[in-house]
Amino acid sequence: EVKLVESGGGLVQAGESLTLSCAASGLTSDDVAIAWFRQAPGKEREGVSCTNLWLGTTKYADSLKDRFTTSKDNAKNTVYLQMNKLKPEDTAMYYCAAVGPGIPCAEIVYGYHGMDYWGKGTLVYVSS
């Protein structure tokens, strides 16, 4: 059974940084993509980033690529999302999700709705 567990959310002030973690277990292959999504209250879910674990490449949403960075620790099966210069509009529930091979990260970040596995999310609140 694949399980994704997010952690690291919390309350921060605008301008501060925060790093989220997505610990994956049960994956039987590295040929998967792990993506971060977020959903703010009253808004649609949006893609943040997508990392292809096999290729080691990451795609970011254009609006976030200057402030957000993804990294991975293969030994821990964990993908991290470092968020810098946080803004109140970054306040959202952040989710990580996984999908098997064949789906380009560029598609996943921008509107793909077929992720196979989801974590329960971690809340990020940025105060002004």
Side-chain angles (χ1 to χ4, degrees):
E1 178 187 5
V2 175
K3 188 175 182 181
L4 303 174
V5 180
E6 303 95 335
S7 61
L11 171 63
V12 296
Q13 292 188 336
E16 294 183 340
S17 298
L18 199 62
T19 299
L20 307 182
S21 301
C22 172
S25 60
L27 294 174
T28 58
S29 170
D30 285 339
D31 196 5
V32 297
I34 302 288
W36 285 98
F37 296 86
R38 69 182 185 181
Q39 187 165 19
K43 295 187 177 181
E44 293 187 356
R45 187 180 67 209
E46 64 173 331
V48 175
S49 70
C50 172
T51 297
N52 184 302
L53 297 185
W54 181 260
L55 298 176
T57 56
T58 299
K59 173 69 177 177
Y60 299 93
D62 287 341
S63 62
L64 301 173
K65 62 183 179 180
D66 292 335
R67 298 187 295 120
F68 288 15
T69 302
T70 298
S71 61
K72 62 185 180 74
D73 185 331
N74 290 336
K76 296 182 179 180
N77 283 334
T78 299
V79 175
Y80 303 96
L81 178 67
Q82 181 177 346
M83 305 182 293
N84 299 320
K85 300 179 181 178
L86 283 163
K87 305 175 181 180
E89 50 264 42
D90 294 318
T91 294
M93 186 71 81
Y94 285 72
Y95 300 90
C96 68
V99 67
I103 312 299
C105 270
E107 183 176 344
I108 291 172
V109 169
Y110 290 109
Y112 181 70
H113 294 286
M115 303 302 285
D116 294 325
Y117 307 100
W118 288 87
K120 294 183 178 180
T122 185
L123 179 63
V124 173
Y125 187 90
V126 184
S127 64
S128 57

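What you find for Ala97 and Phe37 is that their closest heavy atoms are CB-CE1, 4.0 Å. Of all non-hydrogen atoms in Ala24 and Leu4, the two that sit nearest each other are CB-CD2, 3.5 Å. Heavy-atom minimum distance, Val109 versus Lys59: CG2-O, 3.6 Å. Contact between Thr91 and Ala40 at its shortest, heavy atoms only, is O-CB, 3.5 Å. The two atoms that bring Ile34 and Ala98 nearest to each other are CD1-CB, 3.6 Å, heavy atoms only. When all heavy atoms of His113 and Arg45 are compared, the closest pair comes out as ND1-NH2, 3.4 Å.
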### Query
Is there a side-chain contact (heavy atoms from CB on, under 4.5 Å) between Val2 and Asp116 once you walk through the steps?
CA-CA 9 Å; Val2 175; Asp116 294 325; over 6 Å; no

### Task
Kindly determine whether Asp66 and Tyr60 satisfy side-chain contact (heavy atoms from CB on, under 4.5 Å), including the steps that lead there.
CA-CA 9 Å; Asp66 292 335; Tyr60 299 93; over 6 Å; no

### Task
May I have the step-by-step check of side-chain contact (heavy atoms from CB on, under 4.5 Å) for Arg38 and Glu46, ending in yes or no?
CA-CA 6 Å; Arg38 69 182 185 181; Glu46 64 173 331; 2.6 Å; yes

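Using modelled atom types, one side-chain atom of Glu6 and one backbone atom of Lys120 make a donor-acceptor pair closer than 3.5 Å. When atom types are taken as modelled, the side chain of Glu107 and the backbone of Gly111 share no donor-acceptor pair closer than 3.5 angstrom. Between the Ser63 side chain and the Ala61 main chain, no donor and acceptor come within less than 3.5 Å of each other. Here the side chain of Thr57 pairs no donor or acceptor atom with the backbone of Asn52 at under 3.5 angstrom.
The hydrophobic clustering, which links ILVMFWY residues whose side-chain heavy atoms are closer than 4.5 Å, places Leu64 and Ile108 apart. Residues Val32 and Val79 share a single hydrophobic cluster, defined by chaining ILVMFWY side chains whose heavy atoms lie under 4.5 Å apart. Cluster membership check: Met93 does not share its hydrophobic cluster with Leu81, using side-chain heavy-atom separations under 4.5 Å among Ile, Leu, Val, Met, Phe, Trp and Tyr. In the hydrophobic cluster analysis, where Ile, Leu, Val, Met, Phe, Trp and Tyr join through side-chain heavy atoms closer than 4.5 angstrom, Met83 is grouped together with Val12.
Contact check on Asp90 versus Arg67 returns a salt bridge, with a Lys/Arg side-chain nitrogen under 4.0 Å from an Asp/Glu carboxylate oxygen.
Rounded to the nearest 0.5 Å, atoms CG (Leu18) and OH (Tyr125) are 14.5 Å apart. The distance from the OG atom of Ser21 to the NZ atom of Lys72 is 15.0 Å, given to the nearest 0.5 Å. The line from OG1 of Thr58 to CH2 of Trp36 is 12.5 Å long, rounded to the nearest 0.5 Å. To the nearest 0.5 Å, atoms CD (Glu16) and CG (Leu86) are separated by 8.5 Å. In this structure, CE on Met115 lies 11.0 Å from OH on Tyr117, to the nearest 0.5 angstrom. The CG atom of Asp73 sits 6.0 Å away from the OG1 atom of Thr78 when rounded to the nearest 0.5 Å.
A tilted orientation is assigned to the rings of Phe68 and Tyr94, their planes being inclined by 30° to 60°.
When only modelled atom types and interatomic distance are considered, Thr70 and Ser49 share a side-chain donor-acceptor pair under 3.5 Å. Inspection of the Asn84 and Ser17 side chains reveals an N or O donor paired with an N or O acceptor under 3.5 Å.
With a 4.5 Å cut-off on side-chain heavy atoms, Gln82 and Tyr80 do not count as touching. Side-chain contact between Cys22 and Val5: absent, with no pair of heavy atoms (C-beta onward) separated by less than 4.5 Å. Contact check for Thr51 versus Leu53: side-chain heavy atoms found under the 4.5 Å cut-off. Here the side chains of Asp62 and Tyr110 are in contact, with some heavy-atom distance below 4.5 Å. Contact annotation: the side chain of Asn77 never approaches that of Leu27 to less than 4.5 Å [non-hydrogen atoms, C-beta and beyond].
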